[in-house]
Amino acid sequence: MSVLSGSFLIFFIVLLILYWCIPSKWRWIVLLAGSYLFYASANRKWLLLIVFTTLQTYFAARWLGKLNHYIKEDLKKIEDKEQRKKKKEAIIRQKKGIVALSLVTNFAVLFFFKTSYLWKEVPLLLPLGISFYTFQTIGYLIDVYRANFEPERNLFKYALFASYFPQIIQGPINRYDKLFPQFFAERKFEWRRIKMGFWLFLWGMFKKLVISDRAAVFVSAALGEGMPDTPGSIIVLGIFLFNLQLYTDFSGGIDMVSGISQMLGIELAENFRRPFFSKTLGEYWRRWHISLGAWIKDYVFYPIAMSKLFAKLGKNAKKVFGNHIGKTLPAAVTSVITFVLIGLWHDITWCYVLYGLWHGILTALSNLCEPVIARINHELEIRTDVLSFRWFQRLRTWMIVSVGESFTLAGTLGMTAIMYGRIFKSFKARALLLDIAGFGLDIPNLFVLLCATLLLIFISMKQESGVRIREALEKQNVWFQWLMALGILWVTAVFGVYGPGYDAAAFIYGGF
């Protein structure tokens, strides 16, 4: 049951009416039943996986909670300090063992499905949302291990946190302490909540169907099987359009599910903050897939960078290379490790390893070389506080990110070499004028793509300057609000890319 299908529309309308018609204290049960019904509609066999992950992390967290309570309360009763210390160390080892077992178990399941192409002629389909609910429940378990909060006692309430249907499709990866309380909060029905969520859904649908799926037609034609014969200039355009396709697909999908959730009165974690306005690669990753970046930072980056081994690395580097290198080297090395892990999270192939290395090494170098870059700018009298330099930085970041995405487009290292061979050996700039219409999109469709992209840029610039579009629209006359909503619907219906044999709702990140 895809989000853009008629069956989902009926499902959600029925759920929404039922949700708001019953008393608040029972609404979470409607959400739980709806979430499992939605998940079962994709594949009933996959229910066993999400139930397994839910049960495994639930009981592991309860166990950790008991050990935390023992450390906090019962350990004080042991008067002998040495005995108390040994007991605490033993409990901590036990806690680490519980978390390690849970990590290995759940990530082994994820690894099994992600690597099925290595040992099966027909790879297994990746179960819906498996990466997102695995990361979300593991994050919850680690937080309980750290005693950030008490584990949830009610299994069914915890099951809702793990399976909440809007986030299952493609994220975001929510935190327990931010999402869970919202399921049980007292709230009254408000038409404004429905309206604001619906507008966000419409905007996401526009980005997905009008921009992303239209760009996908060109990208597939330019960078598909015929790529070895494609002019280099068309390949470069295809790479840039793929970046646009990926952003509007993923952020459009997040807007849709966030809008759906807002209609239910539940706010999902922010996942995008106009990443292509970023002036540096580090800023880009703070704006792109924010929930994954925050998860990696809290549960992977900091534990590695602050470990004894990396503290020793920084101390030794400080003696040899000075204060700056000593401070930044541990974080730089950790950046490379974590970006490779992010690449492997997307897919376990050498192209995604290369993708991770590209982002990790450049991020590390930018931090390590920061004083050198600042000195060069000073010596060359380059003003860094002016508009022209800020837009140069944004363009530079866009190009760096696009190169990284190009590695994932090729599929294999051999095809990556062919791709860049065509770019450098057979660029053929005139193909951009003479042959562009021969790659899936005719001139009218390219014009629609250009206009829609300019609208996206305009809206994004307004948001970047602090304008809250939906709040601004809400202040207008009711007839104007309806006109805008119907206008977006009409444009999406007329110019959206969909039809027989084309799965417009197949979100790219649904495959991760």
Side-chain angles (χ1 to χ4, degrees), residues 114-123 126 212-250 276 281 284 288 336 339-363 365 395-442 445-446 449 497 502-503 506 508-509 511-512:
K114 279 186 171 285
T115 59
S116 65
Y117 68 92
L118 296 174
W119 45 271
K120 283 184 70 72
E121 291 185 11
V122 180
L126 200 64
S212 179
D213 288 349
R214 179 168 271 100
V217 175
F218 184 92
V219 172
S220 297
L223 300 170
E225 294 180 358
M227 186 177 65
D229 299 317
T230 302
S233 58
I234 297 294
I235 290 176
V236 170
L237 179 60
I239 291 171
F240 284 121
L241 284 183
F242 175 70
N243 219 345
L244 175 66
Q245 174 200 349
L246 184 62
Y247 171 65
T248 49
D249 180 282
F250 195 11
F276 295 113
L281 197 56
Y284 170 84
W288 173 277
V336 177
F339 274 110
V340 170
L341 291 175
I342 288 173
L344 292 174
W345 174 81
H346 287 83
D347 198 6
I348 302 176
T349 64
W350 284 111
C351 285
Y352 275 98
V353 171
L354 185 59
Y355 167 87
L357 287 172
W358 172 261
H359 283 281
I361 291 172
L362 288 181
T363 300
L365 287 176
L395 179 61
R396 177 189 62 191
T397 303
W398 166 272
M399 294 181 69
I400 289 172
V401 170
S402 294
V403 171
E405 297 294 355
S406 73
F407 302 143
T408 70
L409 267 173
T412 65
L413 295 179
M415 288 302 293
T416 301
I418 292 173
M419 176 191 294
Y420 279 95
R422 296 295 294 175
I423 291 173
F424 291 112
K425 295 180 181 178
S426 185
F427 189 76
K428 298 181 181 178
R430 62 182 180 179
L432 289 173
L433 295 175
L434 302 177
D435 303 332
I436 190 171
F439 290 88
L441 295 180
D442 54 21
N445 272 296
L446 286 169
L449 179 60
V497 177
Y502 190 87
D503 187 2
I508 294 174
Y509 265 72
F512 296 137

S.K.: Can you name the nearest heavy-atom pair linking His346 to Ile342, along with the distance?
M.R.: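 Shortest heavy-atom contact: ND1-O, 2.8 Å.
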S.K.: Could you list the donor-acceptor pairs under 3.5 angstrom formed between side-chain atoms of residues 232-239 and any protein atom two or more places apart in sequence or on another chain?
M.R.:
from	atom 1	to	atom 2	distance (Å)
Ser233	OG	Phe427	O	3.0
Ser233	OG	Lys428	O	2.8

S.K.: Answer whether the closest heavy-atom distance between the side chains of Tyr352 and Thr408 falls below 4.5 Å.
M.R.: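 With C-beta onward as the side chain, the pair touches.
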S.K.: Given side chains that start at C-beta, do those of Trp398 and Phe240 come closer than 4.5 Å, heavy atoms only?
M.R.: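 Yes. Closest side-chain heavy atoms under 4.5 Å.
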S.K.: With rounding to the nearest 0.5 angstrom, report the CG to CG distance, Asp213 to Leu449.
M.R.: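 It comes to 11.0 Å.
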S.K.: Mind listing the side-chain donor-acceptor pairs of residues 409-421 below 3.5 Å, one per line with the distance, residues two or more places apart or on another chain?
M.R.:
from	atom 1	to	atom 2	distance (Å)
Thr412	OG1	Met415	N	3.1
Thr416	OG1	Thr412	O	2.9
Tyr420	OH	Ser406	OG	2.6

S.K.: Looking only at heavy atoms, what is the nearest atom pair of Gln245 and Ala215, with distance?
M.R.: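 Answer, listing the atom of Gln245 first, then Ala215: CB-CB, 4.0 Å.
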S.K.: For a 4.5 angstrom cut-off between non-hydrogen side-chain atoms, does Trp288 reach Tyr247?
M.R.: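 The answer is yes; the side chains approach within 4.5 Å.
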S.K.: For residues Arg422 and Thr230, report the shortest heavy-atom separation together with the two atoms involved.
M.R.: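 Scanning both residues, the minimum pair turns out to be NE-O, 3.0 Å.
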S.K.: Quick check: closest heavy atoms across Val217 and Gly440, and the distance to 0.1 Å?
M.R.: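 So the minimum-distance heavy-atom pair works out to CG1-O, 3.5 Å.
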S.K.: Give, for atom CZ of Phe439 and atom CG of Leu241, the distance between the pair rounded to the nearest 0.5 Å.
M.R.: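 Going from CZ on Phe439 over to CG on Leu241, the span is 12.5 Å.
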S.K.: Which residues pass the side chain to side chain contact (heavy atoms under 4.5 Å, CB included) test with Leu344, sequence neighbours left out?
M.R.: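 With sequence neighbours excluded, Leu344 shows a side chain to side chain contact (heavy atoms under 4.5 Å, CB included) to Val340, Ile348, Val353, given in chain and number order.
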S.K.: Any donor and acceptor pair, going by atom type alone, linking the side chain of Trp358 with main-chain N or O of Ile400 inside 3.5 Å?
M.R.: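 Between the backbone of Ile400 and the side chain of Trp358 there is a qualifying donor-acceptor contact (under 3.5 Å).
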S.K.: How many angstroms lie between CG in Asp249 and CG in Leu246, if you round to the nearest 0.5 Å?
M.R.: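 So the CG of Asp249 and the CG of Leu246 are separated by 7.0 Å.
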S.K.: Would you indicate whether the side-chain heavy atoms of Phe218 and Ile436 approach each other to under 4.5 Å?
M.R.: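 Yes - at least one pair of side-chain heavy atoms lies under 4.5 Å apart.
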S.K.: Just how far is it from atom CZ of Phe242 to atom OG of Ser212, taken to the nearest 0.5 Å?
M.R.: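 With rounding to 0.5 Å, CZ (Phe242) is 9.0 Å from OG (Ser212).
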